[in-house]
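Step one of this worksheet: look at the structure below.
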Amino acid sequence: MLTFISGGVRSGKSAYAEKWLVEQANSSGGRLIYIASGQATDDEMRERIAKHRHDRADAGWLTFEQPIAIAELLPHIQPGDYVLWDCLTTWLANEMYTTNQDGIFCVNVPGCMERKCSEVVAAVENMREIATHVTIVSNEVLDELPSPYEETKRYSQLLGDLHCKFVQIADNAIEMDYGFAIEWKKEGQVCVQ
């Protein structure tokens with residue numbers, strides 16, 4: 001099963017996803033896998049990462065800190081796992097600014113980001129075939145006013161395309177708004193039109 005959860009910053013999406021997967025894993029005896037894409041690049045991010053670690057400490061999560069190259073985790077995923085990837089938006093920003101052998105950011109290399117986006121979709125589809133449940137968390141940043149900056153526009157386009165692709169293939173699509181879960185898609189069926 002694949003679930004996609006989006007929402008604004010601090011909308012409760014990570015807490016909702018964690019609680020939901022813990023309940024499912026506890027009822028079936030599955031292993032909890034947490035894929036963390038955040039990197040502690042400043043004090044605010046260090047605090048957020050520490051809070052997330054604290055919040056899930058007692059639930060028994062096996063955490064993989066994987067800011068890029070999600071496919072590298074496939075050998076670690078087992079049947080019966082409940083996987084939470086938090087989050088797609090951070091992963092995308094991380095991948096945009098990886099460099100090639102010439103020190104050029106991926107976002108500035110023609111076709112590089114398209115390749116990485118195709119690879120991550122394939123990795124999630126493969127993960128879904130192995131695990132019992134895969135949940136992707138992503139920030140909803142597409143409601144903002146258009147940016148005058150080309151890289152921000154590119155980021156928004158790539159993120160929008162990924163959101164559409166993941167919602168299309170997901171069994172469940174949930175939007176968190178003010179701490180409430182709005183189900184857009186449930187068990188493969190569109191709920192809200």
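When reading the values below, keep in mind they use all heavy atoms of this one structure, side chains included, and skip hydrogens, waters and symmetry mates.
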Please determine whether residues [X] and [Y] belong to a single hydrophobic cluster, defined as Ile, Leu, Val, Met, Phe, Trp and Tyr linked transitively by side-chain heavy-atom distances below 4.5 Å.
| X | Y | result |
| --- | --- | --- |
| Ile35 | Leu62 | yes |
| Tyr97 | Val109 | no |
| Ile169 | Ile77 | yes |
| Ile182 | Met176 | no |
| Leu88 | Ile68 | no |

Side-chain contact, heavy-atom cut-off 4.5 Å: [X] with [Y]?
| X | Y | value |
| --- | --- | --- |
| Glu95 | Val120 | no |
| Met127 | Ile70 | yes |
| Thr89 | Tyr155 | yes |
| Lys19 | Val22 | no |
| Arg128 | Val83 | no |
| Gln168 | Cys164 | no |
| Ile33 | Phe64 | yes |
| Leu92 | Met113 | yes |

> Does the side-chain contact (heavy atoms from CB on, under 4.5 Å) test come out yes or no for Thr132 and Gln24, once each step is laid out?
Replying inline: CA-CA 10 Å; Thr132 296; Gln24 289 183 36; 5.8 Å; no

> Among Val137, Asp171, Leu21, Ile174, whose side chain to side chain contact (heavy atoms under 4.5 Å, CB included) with Thr3 holds?
Replying inline: Ile174

> Any ion pair linking Arg154 and Glu150 (charged N to carboxylate O, less than 4.0 Å)?
Replying inline: no

Once you round to the nearest 0.5 Å, how far does [atom1] of [X] lie from [atom2] of [Y]?
| X | Y | atom1 | atom2 | value |
| --- | --- | --- | --- | --- |
| Lys13 | Asp86 | NZ | CG | 7.5 Å |
| Asn172 | Cys191 | CG | SG | 8.0 Å |
| Met96 | Glu151 | CE | CD | 5.5 Å |
| Leu32 | His133 | CG | NE2 | 12.0 Å |
| Cys117 | Asp161 | SG | CG | 7.5 Å |
| Tyr82 | Ser28 | OH | OG | 3.0 Å |

>> For Trp91 and Trp85, take the angle between the two ring planes, folded into 0 to 90°, and tell me which bin it lands in: parallel under 30, tilted 30 to 60, perpendicular over 60.
In response: perpendicular

> Do the ring planes of Tyr34 and Trp61 sit parallel (below 30°), tilted (30 to 60°) or perpendicular (above 60°)?
Replying inline: perpendicular

>> Looking at Lys153, I'd like to know if its NZ atom is crowded, meaning that more than 12 non-hydrogen atoms belonging to other residues, nucleotides or ligands lie closer than 6.0 Å.
In response: yes

> For Phe180, does the CZ atom have more than 12 heavy-atom neighbours from other residues, nucleotides or ligands under 6.0 Å away?
Replying inline: no

> With no hydrogens and no angle check, is any side-chain donor or acceptor of Asn100 less than 3.5 Å from a backbone partner on Asp102?
Replying inline: yes

>> Has Glu183 got a side-chain atom pairing as donor or acceptor with Lys185's backbone, closer than 3.5 angstrom?
In response: no

>> Tell me the closest heavy-atom pair linking Thr90 and Ser37, and the distance in Å.
In response: CG2-O, 3.4 Å

>> Can you see whether His163 engages Ser6 through a side-chain donor-acceptor pair at a distance of less than 3.5 angstrom?
In response: no

> Does the pair Trp184 and Val167 meet the rule for a side-chain contact (heavy atoms from CB on, under 4.5 Å), with working shown?
Replying inline: CA-CA 9 Å; Trp184 290 94; Val167 168; over 6 Å; no

>> Between Glu125 and Leu2, does the side-chain contact (heavy atoms from CB on, under 4.5 Å) criterion hold? Intermediate values first, please.
In response: CA-CA 9 Å; Glu125 288 178 321; Leu2 176 63; over 6 Å; no

